[in-house]
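Since we're looking at a predicted model, the values are computed, not measured.
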Amino acid sequence: MNDAHLHLVVNHFPIIGTILALGILITGMFLKNNSVKNTAYVLFIVAAIFAALSMQTGEGAEEMVEDMPSIGKQIIHEHEEIAEKLALALYVLAGISLAGLFLNFKNHSKAKFVSIIALIVAVATVFIAQLVGTSGGEIRHTEIRAKTNSSDLLQDTENTIKVDKEHNEK
């Protein structure tokens with residue numbers, strides 16, 4: 001299994017996990033249930049761990065695909081820049097989550113305040129995650145890129161098919 005494959009395996013959890021954890025956190029806040037909020041905090045921490053793994057495997061994946069036709073270094077660079085922002089946001093959210101877990105276990109009066117801060121940061125993080133997911137998808141899925149000119153998409157598809165055939169012949 002190479003870095004590109006590993007990247008595809010681990011890169012979805014920081015996005016999906018953060019969205020899921022946000023929903024769980026909102027539910028926990030609505031129900032005023034610390035156990036539900038703690039579940040969200042743990043998911044935020046796991047999402048941050050997977051973000052670190054995604055960043056590590058992303059470098060190797062970049063090396064493998066950056067020179068392929070219809071990909072190029074610019075689109076990967078844009079994805080990498082946004083991904084770095086997501087990783088940072090998830091690391092901050094994991095720190096807040098650790099604080100939230102600790103304060104919930106101690107039944108501290110500031111636990112509710114920390115859950116509100118976590119909610120605000122999580123909403124912003126989900127927005128960044130959407131940008132990362134879209135930019136990552138655009139690397140290989142030319143049909144979702146901003147340019148929608150049919151002839152450009154056809155040329156990109158023909159180039160991709162040519163590269164795939166060359167790869168399969170090896």
Side-chain angles (χ1 to χ4, degrees), residues 3-62 65-66 71-148:
D3 278 348
H5 189 205
L6 286 172
H7 187 66
L8 291 172
V9 169
V10 299
N11 72 2
H12 294 89
F13 193 83
I15 297 169
I16 296 167
T18 303
I19 295 168
L20 181 63
L22 175 61
I24 293 170
L25 180 61
I26 291 169
T27 302
M29 292 173 75
F30 179 75
L31 297 175
K32 298 179 181 171
N33 185 321
N34 284 343
S35 294
V36 176
K37 288 189 270 186
N38 289 343
T39 301
Y41 293 149
V42 169
L43 280 173
F44 287 135
I45 293 166
V46 172
I49 292 167
F50 272 83
L53 293 172
S54 293
M55 294 302 293
Q56 291 298 314
T57 58
E59 290 295 323
E62 175 184 9
V65 301
E66 68 185 353
I71 293 180
K73 295 178 179 161
Q74 182 59 34
I75 194 165
I76 293 174
H77 178 72
E78 291 171 11
H79 173 64
E80 183 179 17
E81 291 296 313
I82 301 168
E84 288 170 355
K85 289 175 179 62
L86 175 61
L88 181 61
L90 281 169
Y91 302 153
V92 168
L93 189 53
I96 294 167
S97 295
L98 285 170
L101 283 168
F102 178 78
L103 294 174
N104 279 342
F105 286 128
K106 294 290 185 178
N107 289 321
H108 196 278
S109 61
K110 299 285 184 193
K112 183 177 179 182
F113 175 72
V114 170
S115 66
I116 293 168
I117 297 299
L119 176 68
I120 293 166
V121 173
V123 168
T125 303
V126 166
F127 175 75
I128 299 168
Q130 180 274 324
L131 296 174
V132 170
T134 299
S135 68
E138 288 173 345
I139 291 172
R140 283 296 280 169
H141 295 281
T142 57
E143 71 276 9
I144 65 170
R145 291 184 187 169
K147 69 174 184 177
T148 56

More than 12 heavy atoms of other groups within 6.0 Å of Glu81 CD | yes
Which atom pair, heavy atoms only, marks the closest approach of [X] to [Y]?
{"X": "Val121", "Y": "Ala89", "value": "CG1-O, 4.4 Å"}
{"X": "Leu90", "Y": "Pro14", "value": "CD1-CB, 3.8 Å"}
{"X": "Ala87", "Y": "Met55", "value": "CB-CG, 3.9 Å"}
{"X": "Ile128", "Y": "Lys85", "value": "CG2-C, 4.2 Å"}
{"X": "His79", "Y": "Ser135", "value": "ND1-OG, 2.8 Å"}

Distance from [X] atom [atom1] to [Y] atom [atom2], nearest 0.5 Å?
{"X": "Leu98", "Y": "Leu93", "atom1": "CG", "atom2": "CG", "value": "10.0 Å"}
{"X": "Ile15", "Y": "Leu131", "atom1": "CD1", "atom2": "CG", "value": "10.0 Å"}
{"X": "Leu103", "Y": "Lys112", "atom1": "CG", "atom2": "NZ", "value": "14.5 Å"}
{"X": "Ile96", "Y": "Ser115", "atom1": "CD1", "atom2": "OG", "value": "11.0 Å"}
{"X": "Leu20", "Y": "Ile24", "atom1": "CG", "atom2": "CD1", "value": "4.0 Å"}

Return the set of residues passing side chain to side chain contact (heavy atoms under 4.5 Å, CB included) with Glu59 (not counting sequence neighbours), or none when no residue passes.
-> Glu62, Glu80
Min side-chain heavy-atom separation Ile116-Met29 under 4.5 Å = yes
Heavy-atom distance under 4.5 Å between the side chains of Ile82 and Leu86, does that happen here?
-> no
Establish, from distance only, whether the side-chain atoms of Glu138 and Thr134 form a donor-acceptor pair under 3.5 Å.
-> no
N/O donor to acceptor pairs below 3.5 angstrom from side-chain atoms of residues 36-49, sequence neighbours left out:
from	atom 1	to	atom 2	distance (Å)
Lys37	NZ	Asn34	OD1	3.3
Asn38	OD1	Asn104	ND2	2.8
Asn38	ND2	Asn34	O	3.3
Thr39	OG1	Ser35	O	3.0

With sequence neighbours excluded, give me every ring-ring contact (aromatic ring centres under 6.0 Å, His included) pair touching residues 11-36.
-> Phe13-Phe50
